[in-house]
Amino acid sequence: MLYSEKVMDHFQNPRNVGKIEDADGVGEVGNARCGDIMKMYLKIDDDQVITDCKFNTFGCGSAIATSSMATEMIRGKKVSEALELSNRAVVEALDGLPAHKIHCSVLAEEAVKAAVKDYYDRNGIEYDPSLFKEKPDCESCTL
Ligand code: FES
């Protein structure tokens with residue numbers, strides 16, 4: 001089968017879909033290759049812990065599944081830990097994606113990062129800009 005059971009589950013029953021009206025950080029990213037977009041909302045407490053997160057995606061099934069899994073993985077984590085979440089870790093948690101869909105998982109990682117950056121910017125928290133460098137397009141993309 002092309003997609004793992006976990007991917008199908010998160011695609012058909014995505015967790016944490018929606019919008020947080022009073023979010024502390026919002027990130028919107030797009031994939032230039034396919035035109036898909038994703039918006040990530042984070043609620044962050046005074047200890048920099050992510051207490052809630054939601055996402056909206058106008059994108060393919062793999063983008064939906066990876067964002068759903070990513071929100072599950074960062075909820076309850078500190079923002080600094082959320083920044084370490086790699087698309088590879090999300091793909092592994094989903095028991096893999098077909099090679100030509102790996103780039104879809106980058107959208108989820110970048111959306112989380114963009115939302116954390118927004119939170120840092122809003123609160124005047126200093127950070128290392130290299131944390132937010134754009135990833136080069138992955139070689140395996142065949143769109
Ligand atoms: Fe665009 Fe998957 S994110 S094809």
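Atoms within each ligand, like the ligands themselves, are counted from 1 in listed order.
At a cut-off of 2.8 Å, Cys104 is counted among the residues with an N, O or S atom near atom 2 (Fe) of ligand 1.
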Item to check | Audit row: Gln48, Tyr119, side-chain contact (heavy atoms from CB on, under 4.5 Å) steps and yes/no | outcome: CA-CA 10 Å; Gln48 298 198 7; Tyr119 161 75; 3.3 Å; yes
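Taking each heavy atom of Leu131 and Lys113 in turn, the nearest pair found is O-CD, 3.9 Å.
Looking at Asp47 and Lys78, no side-chain N of the basic residue comes within less than 4.0 Å of a carboxylate O on the acidic one, giving no salt bridge.
For the residue pair Thr71/Asn16, the side-chain donor-acceptor check at 3.5 Å is satisfied. If you check the side chains of Tyr127 and Asp121, you find a donor sitting under 3.5 Å from an acceptor.
In the vicinity of Cys60, heavy-atom distances shorter than 4.0 Å reach the ligand 1 atoms 2 (Fe), 3 (S), 4 (S). Of all atoms in ligand 1, numbered sequentially from 1 with element shown, those under 4.0 Å from a heavy atom of Cys34 are 1 (Fe), 3 (S), 4 (S).
Under 4.0 Å from ligand 1, the heavy atoms of Lys101 that appear belong solely to its side chain.
Nearest N/O/S atom of Asp36 relative to atom 1 (Fe) of ligand 1: this is OD2.
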